[in-house]
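Heads up: the structure comes next, in structure tokens.
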Amino acid sequence: MKTVEANFDGLVGPTHNYAGLSYGNIASKSNANAFSNPKQAALQGLDKMKALSDMGMMQGILAPQERPDIYALRRLGFTGSDDAVMQSAYKQAPHIYLACCSASSMWTANAATVSPSADTGDQRVHFTPANLTNKFHRSLEPEITGNILKAIFNDQNHFAHHLHLPDNDHFGDEGAANHTRLCADYAEAGVELFVYGKHAFDDSQPKPTRYPARQTIEASQAVARLHQLAANKTVFAQQNPEVIDAGVFHNDVIAVGNRNVLFYHQDAFLNTELLKQQIRSGLGDVDFYFVEVPSARVSVQEAIKTYLFNTQLITLPDGAMVIIAPMECKQSDAVNDYLQYLVSTNNPITAVHFFDVKQSMQNGGGPACLRLRVVLNEAEQKVVNPETIMNDAKFAQLQGWVNKHYRDRLDLADMMDPQLLIESRTALDELTQLLALGSVYPFQRN
Ligand code: SUG
């Protein structure tokens with residue numbers, strides 16, 4: 001067993017729907033009110049997990065959250081039985097109600113920032129759940145995310161769990177979607193790259209004008225402090241405000257890195273030269289590849305539409321680096337041509353594998369949004385909750401579980417069906433047993 005990078009994918013929850021909740025995320029807005037298929041969404045996610053597991057990757061599973069979030073609605077003043085809370089919230093404040101129904105925890109790139117033990121001061125793996133303050137529906141996630149992470153990485157000698165940052169836009173934190181670890185080998189200390197959208201405490205700095213910058217430099221710096229990262233191996237870089245205004249709401253929509261490769265669009269960063277220098281100086285003598293995609297080959301708009309950069313760049317057990325891309329990349333001539341060119345030129349990337357994750361894509365979530373990366377050495381792998389790791393038996397179990405509990409069609413009116421809450425809780429209760437999580441949900445703790 002050697003040090004590996006595991007991917008923990010979010011299992012899509014039973015209320016997966018399209019409510020147009022994410023201003024600045026073009027797919028979310030343009031698919032608002034479309035009907036969704038939660039069963040298909042969850043099965044598409046499971047297929048991707050199984051395929052990566054079959055490639056020899058360590059593949060984990062992160063449980064979805066309980067929705068509708070009755071506790072959030074009670075906090076907002078809706079009272080009575082669960083059913084009464086749902087009905088009155090839906091009637092009086094449909095937008096708030098729908099936000100409390102979102103299955104958005106499926107995008108686990110936003111679950112937390114994770115620093116491997118090779119990078120941290122106390123040589124433990126550090127986890128900070130993202131507070132996701134910029135969007136109300138996502139700000140409901142961090143506490144339960146923390147419970148789930150603790151139930152999977154449950155060993156204080158190896159894993160350190162922090163509380164999410166203060167819930168305020170000044171410390172807006174979107175987790176691993178804006179964090180990339182670069183290294184020569186997973187076992188060695190790497191450079192941790194934090195990409196932020198704005199300075200919260202300094203108005204003189206550039207920032208987007210149309211869409212929100214969800215991540216602040218102050219949040220990124222706080223996470224780096226909590227994780228005890230070495231200053232000379234930590235890089236903070238600003239995202240180009242123009243691409244945020246074009247719809248790049250997270251850095252992982254415009255850049256992805258793995259080991260000695262950073263794959264990014266020409267317009268991704270505000271100061272690309274500085275970022276390159278800092279990465280080179282942090283890594284030292286490493287054969288590093290900056291793979292920059294020019295606008296002339298793929299426009300920012302085409303990158304957003306196809307999610308060329310929301311691909312997973314992974315290293316297979318035999319050392320080959322491959323790209324896990326959404327089908328939308330294959331369907332675009334410009335992007336498909338570019339990918340064919342990429343795998344035939346001088347860089348470590350050797351192949352592309354396409355997956356259908358359309359149910360997630362329609363809400364602005366590609367393959368990379370669906371996964372949280374956790375680098376684990378041999379000792380750490382041994383103490384991870386084994387029931388949360390994908391294999392043939394787990395795949396069959398989870399497929400059966402989805403087929404038993406999930407609906408294949410939901411529209412926004414279905415969200416107030418009291419039966420949906422009952423179905424969801426029944427499904428999640430069973431899931432916590434399948435994944436040996438214990439009681440992580442509020443309804444299990446009452
Ligand atoms: O936060 N969409 C998510 C998509 C997250 C993608 N993650 C990464 N890029 N890492 C978001 O904007 C839409 C929900 C709705 O509209 O129903 C949503 O939350």
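Counting starts at 1 for both ligands and their atoms, in listed order. FYI, the numbering just counts along the sequence from 1.
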Item to check | Distance from atom 17 (O) of ligand 1 to nearest protein heavy atom, with residue and atom | outcome: Ala19 N, 3.0 Å
Checklist entry - How far is atom 15 (C) of ligand 1 from its nearest protein heavy atom, and which residue and atom name does that atom have? => result Asn363 OD1, 3.2 Å
Next on the checklist: Counting only nitrogen or oxygen atoms and a 3.5 angstrom limit, does Ser28 reach ligand 1?
Outcome noted: yes
Checklist entry - Between Leu21 and ligand 1, which residue portion shows a heavy-atom distance shorter than 4.0 Å: side chain, backbone, both, or neither? => result both
Checklist entry - Just checking, Lys48 and Phe355: is the charged tip under 6.0 Å from the six-membered ring centre and within 45° of the axis? => result no
Item to check | Between Gln65 and Thr145, a side-chain donor and acceptor under 3.5 Å | outcome: yes
Item to check | Distance-only side-chain donor-acceptor flag, Tyr196 / Asp173, under 3.5 Å | outcome: no
Checklist entry - Does one side chain, of His405 or Glu423, offer a donor that lies under 3.5 Å from an acceptor on the other? => result no
Checklist entry - What atoms of ligand 1 come closer than 4.0 angstrom to any heavy atom of Gly364? => result 4 (C), 6 (C)
Next on the checklist: I'd like to know if Glu66 and Arg425 make a salt bridge, using a cut-off of under 4.0 Å between side-chain N and carboxylate O.
Outcome noted: yes
Item to check | salt_bridge(Asp203, Lys198) N-O dist < 4.0 Å | outcome: no
Next on the checklist: Using a plain distance cutoff, I'd like to know if Val253 has any nitrogen or oxygen under 3.5 Å from a nitrogen or oxygen of ligand 1.
Outcome noted: no
Checklist entry - Heavy atom under 4.0 Å from ligand 1: found in Asn110's side chain, backbone, both, or neither? => result side chain
Checklist entry - Counting both backbone and side chain atoms, is some N or O of His250 under 3.5 Å from an N or O of ligand 1? => result yes
Checklist entry - Considering only the protein, which heavy-atom contact is closest to atom 10 (N) of ligand 1, and what is its distance? => result Asp252 OD2, 2.7 Å
Item to check | Leu229 to Ser115 - nearest heavy-atom pair and separation | outcome: CD2-OG, 3.7 Å
Checklist entry - Looking just at side-chain N and O atoms, do Thr133 and Asn168 make a donor-acceptor pair shorter than 3.5 Å? => result no
Checklist entry - Under 4.0 Å from any heavy atom of Ala177, which atoms of ligand 1 are there? => result 10 (N)
Checklist entry - Which ligand 1 atoms, with their elements, are less than 4.0 angstrom from a heavy-atom of Gly20? => result 15 (C), 16 (O), 17 (O)
Checklist outcome for this item: The protein heavy atom nearest to atom 8 (C) of ligand 1 is Cys369 SG, 2.8 Å
Checklist entry - How far is atom 11 (C) of ligand 1 from its nearest protein heavy atom, and which residue and atom is that? => result Ser22 OG, 3.4 Å
Checklist entry - Regarding Ser220 and Gln215, is there a side-chain donor-to-acceptor distance under 3.5 Å anywhere? => result yes
Next on the checklist: For the residue pair Glu141 / Ser104, report whether a side-chain donor-acceptor contact shorter than 3.5 Å exists.
Outcome noted: yes
Checklist entry - Under 4.0 Å from ligand 1, counting heavy atoms only, is it the side chain of Arg138, its backbone, both or neither? => result side chain
Item to check | Parallel, tilted or perpendicular: rings of Phe309 and Phe263 (30°, 60°) | outcome: tilted
Next on the checklist: Can you name the atoms of ligand 1, numbered from 1 with element, that are less than 4.0 Å from a heavy atom of Ala109?
Outcome noted: 10 (N)
Checklist entry - Arg214: heavy atom below 4.0 Å from ligand 1, yes or no? => result yes
Checklist entry - Which residue owns the protein heavy atom closest to atom 19 (O) of ligand 1, what's the atom, and how far is it? => result His137 NE2, 2.7 Å
Checklist entry - Considering only heavy atoms from C-beta outward, does the side chain of Leu226 approach that of Leu165 to under 4.5 Å? => result yes
Checklist entry - Under 4.0 Å from any heavy atom of Asn17, which atoms of ligand 1 are there? => result 17 (O)
Item to check | Backbone or side-chain N or O of Ser104 under 3.5 Å from ligand 1 N or O | outcome: no
